[in-house]
Amino acid sequence: MSTMNAQSRAKPISTIKPLYDGFRNPETVRYLAQVIQQEAAQLNAPLHIMEVCGGHTHTIMKFGLKGLLPDNIQFIHGPGCPVCVMPKERIDHAITLAQQPNVILVTLGDMIRVPGSRGSLAQCRAQGGDVRPLYDPLDALRIAQENPDKTVVFFAIGFETSTPMTAVLLQQAEALGIDNLLFHINHVLVPPAVHAVMDDPQVKVNAFIGPSHVSVIQGAKIYQPLVAQYGTPVVVAGFEPVDVMESVLRLVRQKVAGEASVDIQYSRAVSQDGNVAAQQWVNTYFEPRAVFRWRGLGPIPHSALQLKPSFLHRDAERHFAAILSDEVVDDHKACQCGDILRGLAQPADCRVFGRGCTPQRPLGSCMVSSEGACNAYYRYQGVLNADAVNALTTGNPQ
């Protein structure tokens, strides 16, 4: 090894530039904002951009990007938060399972505090239910192996992003012969939900910022039917401020030119075809459900997944069918999460926002989730103007 290579490898971690270096540059964001202001003047109609993913919502709010845009460009916050769209009856399923003797319910952390009709999984755990949050779904294998006399139920949630992890977990359980691990599948799909939003005659959306992580798995091609049917441009964006602002500019340019196409801004991670291997894993173990009820959106055909018939021996819904209710449970009447998910209301429009509903005491799922629109507005509600750009380099808005 040369001396130069040895010295470069010995650099302390503190001298290594962060991965987002440049993507939070204030000058770049200001420049993009100026160009957007200039070119948006050519728009024939207001641009209502739905950012489907909750991660984009948090970037928009955290860095005050709304305050940088002209009045004829508005963000509408879509249903891209898997926790926010989970109906109460599915959460009630999880609570019922966790209350059973000799059952351990495991799930990803965000689900723990989401309220169902009979409280949350956190409250269930406080009352003696065996509920364990996971950071890695494969930890469910270890828990099942360590508790052979108990049934471990993995309450699986997420969009196309996390579905391959569940598929790998199932494959490993099969390969290792771990028979006491069951699955309650709640994986949902982005395109059918977006179509449901667009089919609502009240919706004003005429452009989309496509979700990043979903697109890494599925590829940008999944949005082409959306563009073809509704004539709405889609730009798949990264999560940093420069990513979002550049994507807004690309949408403006498409609308000014009278075009509608799928564009990939997040080209450093997203391709047209996506991760084909991950798609094959999913297709091996899952198939579309006939219908799935989304919180705030209602029943949407073929919008979620279920286990294929050859893996029904792993299906917790089938195994515990006698104790799991099929009753539909509506949200609290004061909660406007459904309208927010459809882009018909902003979080601040809800009369309980910040009063009866806070992250500490959430009334609706849009507040409890770390990706929820209400959570983002509550957390960053003081960051509403262009002064927030001064905090971009540190990521700590004042």
Side-chain angles (χ1 to χ4, degrees), residues 52 78-97 105 107-108 110-111 114 116-117 137 153-171 173-174 181-200 211 213-214 217-218 222-223 225-226 229 274 278-331 338 341-342 365:
V52 177
C81 164
V83 170
C84 299
V85 301
M86 195 65 57
K88 284 186 174 182
E89 60 263 26
R90 304 295 289 184
I91 300 167
D92 288 351
H93 277 197
I95 293 171
T96 297
L97 292 171
L105 186 120
T107 189
L108 299 181
D110 261 2
M111 278 306 308
V114 182
S117 68
V153 178
F154 178 53
F155 190 77
I157 65 167
F159 286 96
E160 292 92 337
T161 308
S162 56
T163 310
M165 294 187 290
T166 302
V168 171
L169 174 60
L170 199 159
Q171 185 274 335
E174 290 283 284
L181 178 59
L182 303 181
F183 294 76
H184 190 289
I185 301 299
N186 300 276
H187 287 300
V188 290
L189 306 172
V190 165
V194 174
H195 279 278
V197 168
M198 292 301 291
D199 287 339
D200 189 325
H213 294 154
V214 166
I217 300 297
Q218 292 297 106
I222 63 172
Y223 309 115
L226 180 71
Q229 182 171 349
Q279 295 167 27
Q280 291 173 343
W281 275 95
V282 173
N283 292 336
T284 298
Y285 297 99
F286 301 105
E287 63 183 15
R289 287 180 184 263
V291 67
F292 188 85
R293 201 176 84 92
W294 292 52
R295 196 167 191 164
L297 298 177
I300 303 177
H302 309 298
S303 63
L305 299 175
Q306 64 185 10
L307 292 171
K308 282 190 170 181
S310 54
F311 300 103
L312 289 181
H313 59 283
R314 296 279 181 182
D315 191 349
E317 290 185 74
R318 182 170 176 264
H319 188 85
F320 291 100
I323 61 171
L324 297 180
S325 173
D326 292 329
E327 181 182 358
V328 170
V329 183
D330 292 326
D331 282 337
L341 292 176
R342 296 198 307 276
S365 57

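Nearest heavy atoms, R295 versus I91: NH1-CD1, 3.7 Å. Of all heavy-atom pairs spanning A94 and L105, the tightest one is O-CD1, 3.5 Å. Nearest heavy-atom pair across P79 and V197 is CG-CG2, 4.2 Å. The two residues A196 and I300 have their closest heavy-atom pair at CB-CD1, 3.7 Å. Residues I157 and M111 share a closest heavy-atom pair of CD1-CG, 3.2 Å. Closest approach of S325 to H93, counting heavy atoms only: O-NE2, 2.7 Å.
Atom CD1 of I185 and atom CZ of R289 lie 8.0 Å apart (nearest 0.5 Å). Residue R318 holds its CZ atom at 10.0 Å from NE2 of H313, rounded to the nearest 0.5 Å. Distance OG1/T166 to CD/Q171: 13.0 Å, rounded to 0.5 Å. A distance of 7.5 Å separates CZ of F154 from CE of M165, quoted to the nearest 0.5 Å.
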| said: Would E317 and R90 count as a salt bridge (charged side-chain N to carboxylate O under 4.0 Å, His left out) here? Give the steps. | reply: CA-CA 10 Å; E317 290 185 74; R90 304 295 289 184; 3.0 Å; yes
| said: One pair to check against side-chain contact (heavy atoms from CB on, under 4.5 Å): L169 and L181. What are the steps and the verdict? | reply: CA-CA 10 Å; L169 174 60; L181 178 59; 4.0 Å; yes
| field | Pair F320-T96, side-chain contact (heavy atoms from CB on, under 4.5 Å): steps then yes or no | value | CA-CA 10 Å; F320 291 100; T96 297; over 6 Å; no
| Stepwise side-chain contact (heavy atoms from CB on, under 4.5 Å) check, F292 with L305 | CA-CA 9 Å; F292 188 85; L305 299 175; over 6 Å; no
| message | Quick one, L170 with L307, criterion side-chain contact (heavy atoms from CB on, under 4.5 Å). Give me CA distance, side-chain angles, the key distance, then yes/no. | response | CA-CA 10 Å; L170 199 159; L307 292 171; 3.3 Å; yes
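Without hydrogens or angle criteria, D92 side chain to G116 main chain gives no donor-acceptor distance under 3.5 Å. Proximity of a side-chain donor or acceptor of H187 to a complementary backbone N or O of Q306 within less than 3.5 Å is not detected. Remark: the backbone N or O of V214 is paired with a side-chain donor or acceptor of T161 at under 3.5 angstrom. Checking side-chain atoms of K308 against main-chain N and O of N283 turns up a donor-acceptor pair under 3.5 Å. Proximity of a side-chain donor or acceptor of R293 to a complementary backbone N or O of E89 within less than 3.5 Å is not detected. A donor-acceptor contact shorter than 3.5 Å links the side chain of T107 to the backbone of F155.
Between P301 and H195 there is no side-chain heavy-atom pair separated by less than 4.5 Å.
Under the 30°/60° scheme for interplanar angles, the aromatic rings of F311 and Y285 are found to be tilted. Aromatic ring orientation, W294 versus F159: tilted (interplanar angle from 30° to 60°).
When the options P192, S303, P299 are evaluated for a side chain to side chain contact (heavy atoms under 4.5 Å, CB included) with V291, the one that passes is P299.
Q279 and Q218 form no side-chain donor-acceptor contact under 3.5 Å, judged by distance and modelled atom types alone.
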